[in-house]
Every structure is written in structure tokens, then in C-alpha cells.
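Reviewing the structure listed below.
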Amino acid sequence: MYRFQRHIYDATRKFYLLGRDGLIAELKPPPGGAVLEIGCGTGRNLIKIARRYPQARCYGLDVSEEMLRTAREQVVKAGLADRITLAQADATSFDPQALFGRAGFERVVISYALSMIPPWREALAEAVRVVAPGGSLHIVDFGDQANLPAPFRAVLNRWLALFHVTPRKDLDAVVTGLCAEAGVIGGTTRLFGGYSVQAVAIKPA
């Protein structure tokens, strides 16, 4: 699907992938900390993170080699190839040590990727696993749209389905339950009437 879409992905998605920049502004990784984005796509978020936090080391993984091709091009163009490392991997099962030479990351980011991963609960559990002690997981994705007008919801969901996107309407509950099971402090915030949901899970040091 991304063989051609990768060329226009960022230009078209900026209008409806709401909350991404707010998530980046709240990351605040510690000096020298490592940031991993799961489902990094074209590298748009990683480039913004690297520029905003120049002392951070950034990593990204994606299952799509087509998207990673664009990400690599954009990272080089931005002059950040020395600070952003990319790898192809499945979000539901990956070895960070083999991919990046690290066991964990001070910040892990998932931005509008869970809604495109069929086994998204497994991907979420994997993300929690690779958060370093004292680190945090940050998520933003489509919400349950509960407070949005019904006609808008209908149009939005038909549009998203064209791109194999399925809002995870129980994301709030799943994040809460997973955090409780893993002994992680977590919480969710609904944005824009439920259009999207933001979650943060903090792993004890």
C-alpha cells in the first residue's frame, strides 16, 4: 500500500493525525536518553524529536520497507543520520538488542500505528516491555469518537477504512489493564471529543 503513498503520506496525514506534536512536546527525554518510535513510517516524528531534543538518541522501526525507504531519505536530508537509527521489524515481536544494541529506551512512542496493526494488543505489550526502568511509553491514536456528531463519525470511519485504519475504541481500557498487569503507572486522555486518545505509561525506576 505504501509503495506510492509514501511520497504523499506526510502532506495528506497532517490534517487529521491530531495530537502528534503535542505528544512530542511532552516527551522531554533525559539528557543522553534514547527514544524509540514503533511504527515510525516516514520518519516525520523522529526528525521532529531529534531536532527538539538534540541530546537524545533516536531509533525507529517499521514493518514496511517502503516507508523506511522514505524515512532513510528524509533522515539523511535532515542531516540527522548520525542520531537516528532505523530498522525493519514487526512491532509485535522484535529484539531491540539485535536491532539497535539496546535492551530498553527512556521513551517509547507509538503515534497512530496501533490502529493499523491487527494484533495491536501484542504490539502494545511489546512497547511496555522495552521501556527502560524510569522511562515512559507515549501513545496517540484514534479514539472512540463518542462525543463527535454521528454523520462526521460515519464519514471519518469510511475514509479511514480505505487505508486499513481501524480505531481501537477500547484503547483506554486496554492501556489501563495492561499497565495494571505490568505494574506500570498509566493514564489516558481523550482529545477533541474522542477523535483521538493520548496515553502515557511510566515504568517505575
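FYI, side chains are in, hydrogens and waters are out, and symmetry mates aren't considered; it's all heavy atoms of this structure.
- Atom CG of Asp141 sits about 10.0 Å away from atom CE of Met116, to the nearest 0.5 Å.
- Contact record, Ala56 with Pro29: CB-CG, 4.0 Å, taken as the closest heavy-atom pair.
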Go through the steps to decide whether Ile47 and Gln74 satisfy the test side chain to side chain contact (heavy atoms under 4.5 Å, CB included), and finish with yes or no. CA-CA 8 Å; Ile47 290 171; Gln74 294 302 316; 3.8 Å; yes
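- Annotation: cation-pi geometry satisfied between Arg57 and Tyr59 (NZ/CZ under 6.0 angstrom from ring centroid, within 45° of ring axis).
- No option in Ile139, Val140, Leu171 other than Leu171 meets the side chain to side chain contact (heavy atoms under 4.5 Å, CB included) test with Val197.
- Between Val109 and the options Leu36, Ile38, Leu27, a side chain to side chain contact (heavy atoms under 4.5 Å, CB included) holds for only Leu27.
- Taking every heavy atom of both residues into account, Cys40 and Leu68 meet most closely at SG-CD2, 3.9 Å.
- The distance from atom CZ of Arg44 to atom OG1 of Thr70, rounded to the nearest 0.5 Å, is 15.0 Å.
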Given the rule in the side chain to side chain contact (heavy atoms under 4.5 Å, CB included) test, do Arg20 and Lys48 qualify, once you have shown the distances and angles that lead to the verdict? CA-CA 10 Å; Arg20 293 182 297 172; Lys48 284 184 172 289; over 6 Å; no
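- Not counting sequence neighbours, the partners of Arg72 by the salt bridge (charged side-chain N to carboxylate O under 4.0 Å, His left out) test are Glu65.
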Step-by-step side chain to side chain contact (heavy atoms under 4.5 Å, CB included) determination, Leu80 to Arg51: CA-CA 9 Å; Leu80 294 168; Arg51 285 174 171 164; 4.2 Å; yes
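- Every salt bridge (charged side-chain N to carboxylate O under 4.0 Å, His left out) that Asp170 has, sequence neighbours left out, goes to Arg121.
- In this structure, the side chains of Ile24 and Arg52 come closer than 4.5 Å at one or more pairs of heavy atoms.
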Can you give each donor-acceptor pair under 3.5 Å made by side-chain atoms of residues 124-136, sequence neighbours left out, with the distance rounded to 0.1 Å?
residue	atom	partner	partner atom	Å
Glu126	OE1	Arg129	NE	3.3
Glu126	OE2	Phe94	N	3.3
Glu126	OE2	Arg129	NE	3.4
Glu126	OE2	Arg129	NH2	2.7
Arg129	NH2	Phe94	O	3.1
Ser136	OG	Arg107	NE	3.4
Ser136	OG	His138	NE2	2.7

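- Val108 and Val175 fall within a single hydrophobic cluster, where Ile, Leu, Val, Met, Phe, Trp and Tyr side chains are chained together by heavy-atom contacts under 4.5 Å.
- Looking at Asp62 and Ser64, their side chains never bring a donor and an acceptor atom within 3.5 Å of each other.
- The cluster map of Ile, Leu, Val, Met, Phe, Trp and Tyr, joined by side-chain heavy atoms under 4.5 Å apart, puts Val63 and Tyr112 in different clusters.
- At a threshold of 4.5 Å between side-chain heavy atoms, the hydrophobic network of Ile, Leu, Val, Met, Phe, Trp and Tyr places Phe100 and Leu46 in two separate groups.
- Residues Trp120 and Leu178 are members of one and the same hydrophobic cluster, defined by side-chain heavy-atom contacts under 4.5 angstrom among Ile, Leu, Val, Met, Phe, Trp and Tyr.
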Check the pair Ile185 / Cys179 against side chain to side chain contact (heavy atoms under 4.5 Å, CB included), numbers first and verdict last. CA-CA 6 Å; Ile185 302 168; Cys179 287; over 6 Å; no
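- Pairing each heavy atom of Phe142 with each of Ser115, the nearest pair is CD1-OG, 3.8 Å.
- Here SG of Cys58 is found 6.0 Å from CD1 of Ile49. Values are rounded to the nearest 0.5 Å.
- Residues Ala81 and Val76 come closest through the heavy atom pair CB-CG2, 4.3 Å.
- Val35 and Leu23 fall within a single hydrophobic cluster, where Ile, Leu, Val, Met, Phe, Trp and Tyr are joined by side-chain heavy atoms under 4.5 Å apart, directly or via other members.
- Taking all atoms of both residues into account, the shortest heavy-atom contact from Arg168 to Leu114 is NE-O, 3.0 Å.
- Minimum heavy-atom separation, Ile117 to Ala91: CD1-CB, 3.9 Å.
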